[in-house]
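Notes follow once the structure below has been shown.
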Amino acid sequence: MDPLDAVFGALADPTRRAILARLTEGDAKVADLAAPFRVSQPAISGHLKVLEQAGLISRRRQATARLSHLEPEPLREASDWLARYRHYWDERYDQLDELLGRLQQPAPGSMTSTTDGSRPSIDAPTDHTPRKGA
């Protein structure tokens with residue numbers, strides 16, 4: 001499996017993202033990582049295994065405890081991959097802004113708004129109607 005695929009697959013789960021967020025505060029035991037969730041410790045261990053296989057965490061033993069540690073490099077690689085598309089989307093948004101700006105401008109020679117700010121109806125009389133005797 002491609003490492004980037006494994007990272008995005010691991011990040012697809014909200015529980016795993018929450019575990020990573022917790023690990024930004026420092027290493028933690030499985031019990032500490034499981035505490036905020038309504039799932040069993042074995043379920044959290046399964047999430048940790050996915051994170052470890054993706055390279056997002058490493059685990060080590062300290063006495064009887066097994067500590068999980070955040071490994072930032074795979075997150076940086078995923079961020080770098082996404083950053084390549086940021087320029088593309090920024091350009092697209094700029095083009096959309098330009099188009100919306102042009103669409104909001106009245107066309108030359110078109111009727112402008114009335115004195116109260118509303119657009120006149122096609123059937124509504126205007127002040128430009130020739131009057132008899134004028």
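- Minimum heavy-atom separation, T24 to A21: OG1-O, 2.5 Å.
- Under the 4.5 Å side-chain heavy-atom criterion for ILVMFWY residues, no single connected hydrophobic cluster contains both V50 and F37.
- Here the straight-line distance linking atom CG of L82 with atom CH2 of W89 works out to 12.5 Å at 0.5 Å rounding.
- Between the CD atom in E71 and the CG atom in L51 there is a gap of 11.5 Å [rounded to 0.5 Å].
- Salt bridge R76/D80: present, at least one basic N to carboxylate O contact under 4.0 Å.
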(Q) Evaluate H47 against D13 for side-chain contact (heavy atoms from CB on, under 4.5 Å), listing each step before the verdict. (A) CA-CA 9 Å; H47 286 298; D13 185 273; 3.5 Å; yes
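- Y93 and L103 end up in different hydrophobic clusters when Ile, Leu, Val, Met, Phe, Trp and Tyr side chains are linked at under 4.5 Å.
- Taking every heavy atom of both residues into account, Y85 and W81 meet most closely at CD1-O, 3.4 Å.
- The pair D27-R60 counts as a salt bridge, with a side-chain nitrogen and a carboxylate oxygen less than 4.0 angstrom apart.
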Q | side-chain contact (heavy atoms from CB on, under 4.5 Å) evaluation trace for I44 with T15 | A | CA-CA 9 Å; I44 293 297; T15 301; 4.2 Å; yes
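- From S79, atom OG reaches atom CZ of R86 across 7.0 Å, with rounding to the nearest 0.5 Å.
- Considering all non-hydrogen atoms of both residues, A54 and A6 come closest at CB-O, 3.5 Å.
- Taken to the nearest 0.5 Å, the CZ atom of R66 stands 4.5 Å off from the CZ atom of R59.
- Listed for the R22 side chain is no donor-acceptor partner under 3.5 Å among the backbone atoms of L33.
- Using a distance-only test at 3.5 Å, with no hydrogens or angles considered, a donor-acceptor pair links the side chain of S45 to the main chain of Q41.
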(Q) Assess the residue pair R16 and L11 against the criterion (side-chain contact (heavy atoms from CB on, under 4.5 Å)); give the C-alpha distance rounded to whole Å, side-chain angles, the decisive distance to 0.1 Å, and a yes or no. (A) CA-CA 6 Å; R16 292 192 285 264; L11 294 175; over 6 Å; no
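- In this model, a donor atom of one side chain and an acceptor atom of the other lie less than 3.5 Å apart for Q95 and R92.
- Between the CD1 atom in I19 and the CZ atom in R17 there is a gap of 11.5 Å [rounded to 0.5 Å].
- Distance CG/L20 to OG/S68: 10.0 Å, rounded to 0.5 Å.
- If you chain together hydrophobic residues whose side chains sit under 4.5 Å apart, L56 and L67 never meet in one group.
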